[in-house]
Structure formats: structure tokens, C-alpha cells
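Data block below; observations after.
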Amino acid sequence: MKHTVTDTTRCFRPKSEALQLLIDRGFLHQCTDLETLDEKLQAGPITAYAGFDATADSLHVGHLLPLMAMRWLQKTGHKPILLVGGGTTRVGDPSFRTESRPLLDTAQIEHNLAGIRATVERLFDLSEGQGRIVNNAEWLDEFRFLEFLRDFGTHFTVNRMMTFDSVRSRLEAQQPLSVLEFCYMMLQAVDFVELNQRFDCTLQIGGSDQWGNIVNGVDLGRRSGAELFGFTLPLLTTASGSKMGKTAEGAVWLNPSRLSSFGFWQFWRNVDDADVPRFLKLFTDLPLGEIDRLASLQGQELNEAKKILATQVTGIVHGLAAAEAALQQGEALFSGQEDLTRPTHELPLELLAKPLGLLDLLVNIGFAASNSEARRLIRGGGVRINGSLTMEEARQISEGDLKPGERLTLAVGKRRKALVEFA
RNA sequence: GGAGGAGUGCCCGAGUGGCUAAAGGGGGCGGACUGUAAAUCCGCUGGCUAUGCCUACGUUGGUUCGAAUCCAACCUCCUCCA
């Protein structure tokens, strides 16, 4: 029942290549049993998993950390399982949320799974025997209620479940916690054990907020004689202290259909100087020696490191070609007067049948959250159409504004630029 | 169980009848400077079919021409006593 919690270890010297890498690159936050895990990793290939909710049709940068950790495991010879919560998403993890999550229906979840799969396939080798993507609906859907209670219910005590922060905080806030949500932690524990039985999976990696859920799985495994391990990742914040991954336009999505490669590349190009070394270690495959060299760059030279960071991460997530294109666009756009060359947004041409309000357009492509915000941006002198500043809030867009190819460039501020193609 | 204090916008926090879409700060966004960085300075920061209208100061109801502000009940949090 006791776990050795190893906080970001200072003196521990891992023998396994995998752990060495993960620690050196800054992935370790806590581990249930670092030494034994190290031995297992050293002894031979193990199978590890990380789970993802299917609440949206794309993952976002917040998910990139576990993805990268899993990726390193694969690169060091281990087998990753990417578990998507087709079953658990129908329940909703109550961890650290004050209110219930909305429940999603099966069709929506299916759609989301497809989007997530697209990203995962790019990041991992999922060929036979190398790694796999698994949907926990496969077994969760099969359970009969009484069987489930009999097989697993005996291993959980309400007494202990009540002690979990995720449960307690909800109760203390006098917010309702449904039985459904209460049982979430059982499901995640069952997932771990199920993956252990099916694929000999012995390690779970997750965010630091998943510690409780992960430990539950480790404990449940022990009862059935399996030795399981948990490993959590640090909570990522930017140098300015805020939670990483939010921009003016919202979450930084991994799926190109949600955020263009150019937008994704720009996100990484614009990180704070102070974040560059850490991000290079966590989010690129560059060797540490190379990273040290890049991190030592000073002043304006550090911009080169940022470009490398952006291109590397975009390359991993969107593919090399997209990354190169984004790099070139960025270079062209910020060095000279050259405009974007590839459309970042596509809108139906019919929109221009009637004059289209600039306000609507800004909201439509996500540069403003509301008409009022769009108005303020214009008033503040931050909006450019085809490169020229406009202060006219009531500005209408018509076909006359389009450049060859039915295109229109729209910029908000210096960094947010869109090439809208009407087709 | 008893006594006291508190719940305000994304966050912190001022405000005790009309001048309050709510001081100040943080964060965010826009502008200047710069290196698409940081720091600094300036501006903006609920929504809408917009010189007006709607929504918003824990919840519900009440007093009043008028309530974040007064009253009642309820909910939550904190402190002290038991």
C-alpha cells in the first residue's frame, strides 16, 4: 500500500536508457517505485500506456508532454499503448473540476476518436508489435454490472475512495458528485489492469493530476499479483507562470484541421526566451548536446533556436513538409513584405454574395471572440486588411477586396495573420 | 452544538442606497520601442441588431422611485469556543 514517491530526483542514477533520457530531459515528476522500474526497463522491453479523453476531436499542446514521454519510451525499445477513453469519456473524470462534465454521446466520441487517432499515428510507430492505439470501450462496454461489482468492487473501499482529493474537493464544495463520476477512478484502475492482462502493460504515464488515479491502478494490480508502475509528468507552466497552451485564439490544437501548421509553428516561435531550453528538451528529439548549444545562444541569436524549436515540434506533430512550409512562411512574412502563400482559412464564396461585415469575418476566423472584441481591435488600430490598416468598424468585405485567387489577408496585431480563401 | 468574519468581473481585491459595467492590481489583447523575446510606456479588457438595450457583485425572496450596497431565509468558506 505504501508508495515510494520520488520527486524530481536529484541523486538517483538510472541504469536504463529510457529512464535516463526521461529524467535528463525533464519528464519526471513522481514515480511509484523508481528503482524497480529502472531495473525492469533495463531488463528488457516493457509496455507502457498513457490515456487520453475523447472530449474533443483533437488533442492539444497539454497532451504533448505525455505523448513525447511515450515516444521516448518507444525510441528506447519499449512498447507504447495510447489509450483513448472511448468508454471513460462517457463518464467524465471529475478530478480537480468543480462541476460535472457534460456527457458526450457515442457518435460524438467516435468522431473525436478519429481526430485523435490521426495525430497519434503520426507520432508513433503503430505497426505490428511496435505500439498500439486502444479504445477502452473495448472492455468497458463488455462489463455486466453485477460481474463488474463482484470482480472489482471487492477491491475498492468507499472509505479510501473518499480520501482522494478529487472526490473530497467536490464534496467539500457541496457540489454534487454522481455515482457515475465517483466510479471513474475504478474505471481507470480497471483500464490499467486490463491492459496488463491483455498486453502485459506494466507502466502508466500521466499528468501530475493523475497521480491518484494511477496509484489506484497500481494497487488494484497488486491485488491480482501484477507489479505495476506509475510515472507522472510535471505540470507545465510558461516562464511567465501561466498555464501553457492558451493563446488569444484558445487552445493550441495538435490537429491541423483545428489549427493550421503555420499557426502551430508560430506558437512555438513566439515562446518566451526563458522557456526555450526546457521546451527543446521536452518537445523535440534533438540530442541534449545540440540543445545545450542552442540554449547558450544569446540575444537575437536565440531567435534561431526558437525557429529550430518551432520547426522541430511542427515536424513531429504535422510532418516535415508542413514544418518546412511554415518556417518559410514565417521567414518570408516577418523578414519582408511578402504575404502568406497558403490559405490558413477557407470560407465559402457565397458569404460574399451579401457584403460581409469585417466584424463577422474577424469572429468567424477566430481572431475575436465577439463582435465587441472585434470592434475594440479595430478601434485600437490592430486590424489590417490586405496589409492596410483600417479603423472603420462598419467596414464591409466585398469581392472587390479580393486579390487574385479569391484571397484576402487579414492581420490582427503583428503576429496573427490569416490568408482567407473564398472558394 | 455556540460565537464571530467572509462570499464581487478570467484571478486577486476596493466598494455599505443613485455619480457603479463596478476603484486598484495581476493576467490577456492592441499600439510604441525591440529580436515575431523580455523589460518599459500608452490604450483596451461582459454582450448586443449600439449615443440605446440586455446580463452581472453566493442563491432565493423582500423593502425602495432606485440595491453589489438595506431586510429575511438558505447555501458555502474561514476563525475562535465546545
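Chain naming here is simple, since letters A, B, ... match the order of the sequence lines and numbering starts at 1 in each.
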- Query: For A:K414 and A:R379, take the nucleotide of RNA chain B holding the closest heavy atom to each; which residue's nucleotide lies nearer the 5' end?
  - Reply: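 The residue closer to the strand's 5' end, by nearest nucleotide, is A:K414.
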- Task: Specify the residue among A:V271 and A:V383 whose closest nucleotide of RNA chain B lies further upstream toward the 5′ end.
- Result: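 The residue whose closest nucleotide sits nearer the 5' end is A:V383.
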side-chain N/O [X] vs [N] OP1/OP2, d < 4.0 Å:
X: A:S372; N: B:C48; value: yes
X: A:R376; N: B:G47; value: yes
X: A:N371; N: B:U49; value: yes
X: A:R415; N: B:A37; value: yes

What does [X] touch in the nucleic acid at a heavy-atom separation under 4.0 angstrom: a base, only the sugar-phosphate, or nothing?
X: A:Q266; result: base
X: A:V276; result: nothing
X: A:R375; result: base

[atom1] atom, [N] versus [M]: distance in rounded Å?
N: B:G66; M: B:U16; atom1: C1'; result: 16 Å
N: B:C11; M: B:U79; atom1: C1'; result: 24 Å
N: B:G13; M: B:A23; atom1: P; result: 16 Å
N: B:C19; M: B:U40; atom1: P; result: 35 Å
N: B:A67; M: B:G58; atom1: P; result: 15 Å
N: B:U55; M: B:A22; atom1: C1'; result: 14 Å
N: B:G9; M: B:G15; atom1: C1'; result: 14 Å
N: B:C57; M: B:A68; atom1: P; result: 8 Å

Rounded to whole angstroms, how far apart are [atom1] on [X] and [atom2] on [N]?
X: A:E301; N: B:A37; atom1: CD; atom2: P; answer: 18 Å
X: A:L297; N: B:G35; atom1: CG; atom2: C1'; answer: 13 Å
X: A:F367; N: B:G28; atom1: CZ; atom2: C1'; answer: 16 Å
X: A:K307; N: B:A37; atom1: NZ; atom2: P; answer: 13 Å
X: A:E373; N: B:G47; atom1: CD; atom2: P; answer: 7 Å
X: A:W268; N: B:A37; atom1: CH2; atom2: C1'; answer: 16 Å
X: A:W265; N: B:U36; atom1: CH2; atom2: C1'; answer: 9 Å

- Message: Does this structure show an ion pair linking A:K307 with A:E304, if we count only N-O contacts that are shorter than 4.0 Å?
- Response: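 Salt bridge between A:K307 and A:E304, a charged N being under 4.0 Å from a carboxylate O: yes.
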- Charged N to carboxylate O below 4.0 Å: is that the case for A:R150 and A:E147?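 Salt bridge flag = no for A:E147 with A:R150.
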Between [options], spot the one nearest the side chain of [X], thanks.
X: A:L377; options: B:U36, B:A38, B:C29; answer: B:C29
X: A:V412; options: B:A37, B:U36, B:G30; answer: B:G30
X: A:S370; options: B:G35, B:G47, B:G30; answer: B:G47

- Task: Check the chi torsion on B:U55 and let me know: syn if it falls within 90° of 0, anti if not.
- Result: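 Because its glycosidic torsion lies more than 90° from 0, B:U55 adopts the anti conformation.
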- Message: What I want to check is whether an N or O donor and acceptor connect the side chain of A:Q300 with the base of B:U34 at under 3.5 Å.
- Response: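 Absent.
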- Per the atom types in the model, does the base of B:U36 pair as donor or acceptor with the side chain of A:K417 at under 3.5 Å?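 Side chain to base: no pair present.
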Quick one: does [X]'s side chain get under 4.5 Å of [Y]'s, heavy atoms only?
X: A:N371; Y: A:D360; answer: yes
X: A:N216; Y: A:F156; answer: yes
X: A:N364; Y: A:L356; answer: no
X: A:V363; Y: A:L359; answer: no

- Using a 3.5 Å limit on both pairing distances, list the dot-bracket string of RNA chain B from the 5' end; Watson-Crick and G-U wobble pairs count, crossing pairs take [ ], interstrand pairs take |. ((((((((.[[[..)..(.....]]]((((((.......))))))(((...)))...[[[[[..)....]]]]]))))))).
- A:R117 CZ: over 12 foreign heavy atoms closer than 6.0 Å: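 For A:R117, atom CZ is not crowded (no more than 12 foreign heavy atoms under 6.0 Å).
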- Task: For the residue pair A:N303 and A:Q300, confirm or rule out a side-chain donor-acceptor distance under 3.5 Å.
- Result: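 Their side chains do not contain a donor-acceptor pair, so the 3.5 Å distance test is not met.
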- Task: Would you please test A:E373 and A:R376 for salt bridge (charged side-chain N to carboxylate O under 4.0 Å, His left out) and show each step?
- Result: CA-CA 5 Å; A:E373 190 183 323; A:R376 278 183 233 118; 5.2 Å; no
